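These numbers come from a predicted model, not from an experiment. Here is how names work: the chains are called A, B, and so on, in the same order as the sequence lines, proteins then strands, and each is numbered from 1.
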Amino acid sequence: MNPKEIIAKRVAKEFENNQLVNLGIGLPTLTANYIDKDIKVTFQSENGMVGMGKLAVDDEIKTDITNAGGQFVTIGDEGAFFDTSMSFGLIRGGHVDVTVLGALEVDQHGNLANWIVPGKMVPGMGGAMDLVVGAKKVIVAMLHTVKGKSKILKDCVLPLTAKGVVDMIITELAVMEVTKEGLLVKEISESISVKELQDMTDAKLIIPENLVYMKV
Amino acid sequence: MNPKEIIAKRVAKEFENNQLVNLGIGLPTLTANYIDKDIKVTFQSENGMVGMGKLAVDDEIKTDITNAGGQFVTIGDEGAFFDTSMSFGLIRGGHVDVTVLGALEVDQHGNLANWIVPGKMVPGMGGAMDLVVGAKKVIVAMLHTVKGKSKILKDCVLPLTAKGVVDMIITELAVMEVTKEGLLVKEISESISVKELQDMTDAKLIIPENLVYMKV
Amino acid sequence: MSKVVSLNKVKGLFKDDMTIMIGGFLGCGTGEALIDTLIESGAKNLTIIGNDTSFVDKGIGRLIVNNQVKKVIASHIGTNAETGRLMNEGKLEVELSPQGTLIERVRAGGFGLGGILTPTGVGTLVEENKEKITVEGVEYLLELPLRANIALIKGSVVDDFGNTIYKGTTKNFNPMIAMASDIVIVGSQTLVEAGTLNKDMIMTPGVVVDYIVREGK
Amino acid sequence: MSKVVSLNKVKGLFKDDMTIMIGGFLGCGTGEALIDTLIESGAKNLTIIGNDTSFVDKGIGRLIVNNQVKKVIASHIGTNAETGRLMNEGKLEVELSPQGTLIERVRAGGFGLGGILTPTGVGTLVEENKEKITVEGVEYLLELPLRANIALIKGSVVDDFGNTIYKGTTKNFNPMIAMASDIVIVGSQTLVEAGTLNKDMIMTPGVVVDYIVREGK
């Protein structure tokens, strides 16, 4: 299993029945493929629908039904369309149970940086700032390191997307919860030791006695 | 012609083609009966529609279509239904061209008092405060006096509905515009002299050279 | 688990001292079966948020007459003499809010806004105890969000996932109230299967609805 | 006088230095015939308000490529490399607003609000030069209204009074933009007679629409 698959599979276990879920583009979107059959969640697309289904193919395509990436998608029986004002009412108003996003950096205070890449073009925050402020649970799903450097910091260096909003970080190596005391490791990959995990992480990790292995 | 009929007929002349109009209950509602056939206006009912038609009778009645007084009404081809948020978006956002309301008192500064009757029950302002603040043109339609006392004051005594919002006052005796200098009489009833009009009015009236008779 | 339940089931949700938002404009768009159920529950000291207190024999008006209400937040109480009488006797607290302001406060509560600035009420009694904020030379009142424990919604056509269509002028406060309450109960005039509604007509998506009961016609 | 006019007629409305709001999300819900017409008008130094700058060959993106735009107010410009390039060369001013904030600013402009308080952007670059207001211990940004001279709307089904229905995800910014502009032009995908639409589906009432043109499919 490649690292992204591990992350997507583990994130998928976080979803509970009847939740409204918003997935960021890229890796977060992959998590939809691994949700247990018994768990029924509804997906929101912030451009204006709930009940979003898979990408539309062939005669499923309706040019008036797109996702937030501009791709043609389907909509399920439980779905509804609405305008941007309502869509962000759902988001900022706390009606979205879980949002899953990638990050450039996240820190032990739950701060998140994922919208400005230094020296690169600034694409704009789109709906990300509202999503992480509004959703009841914010899960950052990302590789633990980039080019050998930890993406989990004591304090974010890049411009923030939001302050203190991240609830959980899921990487290919660990599942961590943001607590008032700092980053609490809930699960660790069987492939590494606690010391190795800490060595690969800039932020100080809290290791509980009941630490378990990460199952995917 | 009774005084209320005079007022209603004169108010009806203020409407222009394609305007969106909101009429208060009572005398203002009567004005709809006197609009020139060539003038096509659309009526808003703040409980959630534009294109409101006449009261519904017999098999026109649909229990899901009511006006702001709770009566069953019809809706025209140009009409649409919406929720209260949209309805007051139209009102406060300046999309309503004209609103016509009654008043307990109005003064030379354009202040309006029409929601608290002293010593009586306070019914609540309903949509009136939003309407007079938001509509492009606010016309007060009322009898000039009550029990011999002027309702057009130098300064309102009763609690205000809004400050400086009235554009025009139409009574059975005169048509007056609120200007920065004070109340400018535009038209006067043939039945009285300028002196008599001033005697029946608490506020100081400005009488222009080109004063004309009120035609209904 | 289906969201469609009996009126008896939702009766158990009503508790003393709760804040309840109720849709409707002079009763048009109010679920009377839900009002019956709230009366049967006997819940007391309620704070009710709605456009008006309707008439003595209709909608919110019946809760007032039945002395279940401690406080009302509304834009108009003039059609229900009991509201005024109880208020004057000191038995009922009434907070009046301009209609356009009231719906924006409910919307702010449901849409996660900290408040809105409105020109309505400036220079009147409405501005008492409120912060005034000047933007580009114009004064506005800062009006704060409203939320409730339970919302009672009336839907004209509702599917069994809770997606709701409102016909005619029954919309009024219903769609916003459904966004601003912890528990949302929809009284369905007509109940259909999920997937059969026109998805461009749904004003309240089922994802915010907790319970669906059957309203009469 | 009918509101239904030719594209040539509305071309004359576009002037240099105007602020124009344009509906659409990555081009879905943007009237391309109206974009064609705005391009043909040659109007320059425009300020464009919309969700994004789409792609180089679609919607707002085409106006960027055609160098008609002085300033963009949007939530996202990442799908159109030209926007970034012109910005970096100092030829285009870009004001980024979080998507939920942007639509609330447009709504405030159209609904007569002086501003709204949002928690979004607190503690980030977005709060620069903005007033912070604390309500019940929580910090919010005061975000101010946006308005425009002209709104370009795309309607799926439009009647000849201007009543507009939006299908699927073409709604996005269109209904709010139609409320926040002095002149509202609707590009109709399908044009029908007034009175034939389902009045519970209309999101933009014809009373706010000034001109109707025909869009292709």
What part of [X] gets closer than 4.5 Å to chain D, counting heavy atoms only: side chain, backbone, both or neither?
| X | value |
| --- | --- |
| C/L141 | neither |
| C/V138 | neither |
| C/I165 | neither |

Are there more than 12 heavy atoms of other residues, nucleotides or ligands under 6.0 Å from atom [atom1] of [X]?
| X | atom1 | result |
| --- | --- | --- |
| C/R147 | CZ | yes |
| D/K132 | NZ | yes |
| C/K167 | NZ | no |

Within this structure, what is the [atom1]-[atom2] distance for the pair [X] and [Y], rounded to the nearest 0.5 Å?
| X | Y | atom1 | atom2 | answer |
| --- | --- | --- | --- | --- |
| D/E104 | C/R107 | CD | CZ | 4.0 Å |
| D/I202 | C/D200 | CD1 | CG | 13.0 Å |
| C/L113 | D/I116 | CG | CD1 | 5.0 Å |
| C/E143 | D/L117 | CD | CG | 11.5 Å |
| C/I103 | D/F111 | CD1 | CZ | 11.0 Å |

In terms of heavy-atom contacts, C/P119 and D/G112 come closest through CD-O, 3.3 Å
With chain D, which of C/G168, C/A108, C/P145, C/S156 has the greatest number of heavy-atom pairs at distances under 4.5 Å? C/G168
